[in-house]
Number of protein chains: 2
Amino acid sequence: MRPTVHDIAAEAGVSLATVDRVLNGRPGVRQQTVDKVEAAVARLGYVRDVSAANLAKGRVYPLVFVVPEGPNSFMRGLEAEIRAAMQRSPAERTSITIETVPPFDPAAIVAVLDKVDAAKVTGVALVATDTPEVSAGVDRLVDKGIHVATLVSDLPGSRRTHFCGIDNLAAGRTAAGLIGRFCAGRSGKVLVVAGSMALSDHIDRASGFAAVITSEVTGLEIVGPVETNDDAERVRQAVDTAMAANPDIVAIYNLGAGNRGLLEALADADRGRYAVVVHEVTEVSRKGLAEGLFDAVINQDCGHEVRSAIRVLKARADGLMPLKAQERIRIDIFLKDNLP
Amino acid sequence: MRPTVHDIAAEAGVSLATVDRVLNGRPGVRQQTVDKVEAAVARLGYVRDVSAANLAKGRVYPLVFVVPEGPNSFMRGLEAEIRAAMQRSPAERTSITIETVPPFDPAAIVAVLDKVDAAKVTGVALVATDTPEVSAGVDRLVDKGIHVATLVSDLPGSRRTHFCGIDNLAAGRTAAGLIGRFCAGRSGKVLVVAGSMALSDHIDRASGFAAVITSEVTGLEIVGPVETNDDAERVRQAVDTAMAANPDIVAIYNLGAGNRGLLEALADADRGRYAVVVHEVTEVSRKGLAEGLFDAVINQDCGHEVRSAIRVLKARADGLMPLKAQERIRIDIFLKDNLP
DNA sequence: CAATTCCTGAGGTACGTAAATCAGAAACCA
DNA sequence: TGGTTTCTGATTTACGTACCTCAGGAATTG
């Protein structure tokens with residue numbers, strides 16, 4: 001059997017109360033005694049029984065998630081994952097609230113952040129637009145002692161505790177690597193479509209993409225990025241316009257949402273003429289892959305992101321540092337052959 | 001606060017003992033009373049506190065992992081993940097033993113399986129060669145009431161409880177999809193290198209690959225598969241030989257191990273002449289990607305596989321069915337741009 | 001030397017569930 | 001009717017940790 005606090009007390013020759021004081025960092029123990037206890041812990045290989053500790057503590061972690069409203073499939077998938085996490089709340093000792101805000105509206109985010117009650121909430125996770133007022137709002141929360149995790153899109157200028165999302169520079173580089181190989185020696189233009197350059201994930205993808213296209217791929221030249229606010233209709237128009245203006249487009253990279261518009265534009269164009277890479281597995285992008293109009297979809301698993309955010313916020317609330325390696329979110333590449 | 005068994009007892013108008021009998025499926029309760037208790041559970045939304053239940057049960061799950069010995073990097077990575085899981089044993093209430101066996105040796109696997117003591121072990125996970133004697137050995141374990149999970153390579157003819165690994169047919173299709181696009185209209189031969197056709201994962205990858213190459217890719221013709229027993233030196237010789245015999249090889253798919261040999265063969269050949277797809281991220285395959293000799297690496301996360309096997313074996317030992325969606329292992333595609 | 005602070009021991013309760021025992025009550029069979 | 005079986009209630013102990021109180025010894029201070 002694994003050792004318990006009683007075994008530690010016996011091994012160290014001290015009382016149970018003293019072991020407890022040492023293990024929980026409470027005051028009133030001489031350094032020499034602390035050492036004795038820690039030596040016993042090391043000798044017996046004692047590990048705190050988390051089940052029992054949680055039971056005894058009866059601690060709960062009230063968390064708030066802030067996500068944008070609107071038809072964006074990815075965001076709706078994210079919200080679904082948060083709701084799934086709420087279902088697991090009893091087992092995880094969390095108590096989760098979802099706050100939805102209009103998309104691309106920094107003021108609305110700030111309003112939500114500012115009404116968070118530090119007495120009742122231990123952590124906040126949000127999908128942020130990268131603007132100074134949101135950064136300031138996050139910093140105010142952090143000053144109040146609330147840990148903040150950014151979801152999907154980071155807020156590099158803020159003092160947020162953690163970023164739960166993919167390395168978007170690498171995602172852009174990956175898209176470029178795929179398109180470079182898919183175009184295999186053909187030369188021409190590659191159209192880049194973005195949602196909003198106020199989102200740090202879009203900025204990073206665009207620059208990672210541009211870096212690889214210009215330095216490692218020969219014969220391709222970037223057009224754009226054109227901004228569409230992730231609106232399908234605007235994506236469609238942007239693509240139509242660009243195609244008309246540039247007959248030598250050979251590839252398209254949509255680093256934002258609104259893939260429905262891209263799909264429509266492609267359906268009207270020559271099938272198979274373009275190498276197309278988009279982001280996020282949704283019903284629309286699955287359809288694009290299945291029909292051969294999209295070649296690859298780069299994906300981030302929002303379920304992982306939500307679960308990671310919860311783990312990180314809980315750990316930080318307990319004063320622990322999360323394991324960086326464990327919390328890394330991977331960049332998934334899907335072709336039609338490996339769609340789940 | 002969330003409801004406890006006491007609340008259920010009060011709500012249902014029965015005693016604590018009766019609630020306990022119902023919740024734990026013990027006999028001695030009239031159906032009518034069972035219904036009353038279950039209604040109360042539903043009404044109050046009672047969820048068993050897993051921490052407390054585990055604490056009270058004090059249950060441990062003794063598990064055995066069977067993995068092949070030898071220099072295969074992937075298998076060593078797998079073993080490392082199992083050892084990492086052993087470190088977490090106290091928290092997860094598992095007690096894990098690792099048994100190593102010579103690779104490609106069905107008799108050795110069977111010997112290990114047959115010495116497993118049903119009284120002391122609740123579950124076994126193994127990397128299996130797909131032969132009738134191993135299947136029979138697995139079935140004998142299942143007959144003894146021990147749940148068996150296959151790791152990485154499945155045993156479709158057996159009554160194993162669960163397969164923890166990727167869909168290798170889809171993996172082969174994915175490799176074909178990538179190579180088809182990377183070769184972009186060039187035509188010629190694609191060399192397929194395999195480890196052993198006694199491994200069901202290798203068989204599946206080969207047939208998934210062949211299916212897509214023949215039906216969806218035009219201009220490519222398969223050479224092989226050549227069998228190498230995952231030995232780097234034999235891979236090198238096989239590739240050298242095939243290259244000499246077929247000057248029109250444009251692509252190589254190594255669906256097994258021994259990538260070191262492939263790397264050596266490619267280093268001697270014309271750089272960039274071949275589209276190369278291999279399996280499993282290891283030091284060697286990272287090097288291949290970084291140097292531009294490999295175009296893509298298809299990977300299965302062995303950490304996920306080990307953790308999934310543990311979850312599944314624990315759940316089945318408790319008589320629960322694991323959630324199929326949650327235990328699916330994804331097929332990862334890595335280019336040099338998205339290597340973790 | 002007395003007073004005070006610091007350190008430690010002893011003992012208890014609580015968390016929510018599991019599992020056991022014992023004693024009645026009700027329902028059944030002979 | 002007596003005896004048995006089946007169901008249920010009441011009560012207790014245990015799991016390992018957290019956290020509390022109280023008391024007394026040791027060390028330090030004035």
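Proteins get letters first, then strands, A, B, ... in listed order; numbering begins at 1 in each. Here the structure is a predicted model, which means the values were calculated and not measured.
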Nearest to the side chain of [X], which nucleotide is it out of [options]?
| X | options | value |
| --- | --- | --- |
| B/Thr33 | C/dA18, D/dT8, D/dA18 | D/dT8 |
| B/Ala52 | C/dT8, C/dA18, C/dG16 | C/dG16 |
| A/Arg30 | D/dG9, C/dC7, D/dT8 | C/dC7 |
| A/Arg26 | D/dA18, D/dT17, C/dT17 | D/dA18 |
| A/Asp49 | D/dG16, C/dT17, D/dA18 | D/dG16 |

Mind calculating the distance between [atom1] ([X]) and [atom2] ([N]) to the nearest angstrom?
| X | N | atom1 | atom2 | result |
| --- | --- | --- | --- | --- |
| B/Lys57 | D/dG16 | NZ | C1' | 16 Å |
| A/Gln31 | C/dC6 | CD | C1' | 15 Å |
| B/Arg93 | D/dC15 | CZ | P | 12 Å |
| B/Arg59 | D/dA14 | CZ | C1' | 18 Å |
| A/Gln32 | C/dC6 | CD | P | 18 Å |
| B/Asn24 | C/dG16 | CG | P | 17 Å |
| A/Leu16 | C/dG12 | CG | P | 13 Å |
| A/Leu44 | D/dG16 | CG | C1' | 15 Å |

Classify [X] by what it touches in the nucleic acid, base, sugar-phosphate, or nothing, heavy-atom distance under 4.0 Å.
| X | value |
| --- | --- |
| B/Asn54 | nothing |
| B/Arg21 | base |
| A/Ala17 | base |

Subject >> Residue that, paired with B/Leu126, satisfies side-chain contact (heavy atoms from CB on, under 4.5 Å) out of B/Val67, B/Leu151, B/Leu113 >> reply: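 So, applying the side-chain contact (heavy atoms from CB on, under 4.5 Å) to B/Leu126 and each of B/Val67, B/Leu151, B/Leu113, only B/Leu113 qualifies.
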**OP:** Please determine if B/Arg140 and B/Asp114 form a salt bridge, counting it only when a charged side-chain N lies under 4.0 Å from a carboxylate O.
**Re:**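 Yes, B/Arg140 and B/Asp114 are salt-bridged.
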Original post:
Should the pair B/Asp49-A/Arg93 be classified as a salt bridge under the 4.0 Å nitrogen-to-oxygen rule?
Top reply: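 Between A/Arg93 and B/Asp49 there is a salt bridge, with a charged N closer than 4.0 Å to a carboxylate O.
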**OP:** Of all the heavy-atom pairs spanning A/Ala108 and A/Val101, show the shortest one and how long it is.
**Re:**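 Here A/Ala108 and A/Val101 meet closest at O-CG1, 3.9 Å.
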**OP:** Would you kindly compare B/Ala56 and B/Thr18 by the position of their nearest DNA chain D nucleotide and give the one closer to the 5′ end?
**Re:**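 On the 5' side of the pair lies B/Thr18.
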Original post:
Hey, which of these two, A/Leu55 or A/Asp20, hits DNA chain D nearer its 5' end, going by closest nucleotide?
Top reply: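 Mapping each residue to its closest nucleotide by heavy atoms, the 5'-most match is A/Leu55.
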**OP:** Give a yes or no on whether B/Glu69 atom CD has more than 12 heavy-atom contacts from other residues, nucleotides or ligands under 6.0 Å away.
**Re:**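 Yes, enclosed.
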**OP:** Check whether any side-chain nitrogen or oxygen of A/Ser15 sits under 4.0 Å from OP1 or OP2 of C/dG9, and answer yes or no.
**Re:**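 For C/dG9, OP1 or OP2 has a side-chain N or O of A/Ser15 closer than 4.0 Å.
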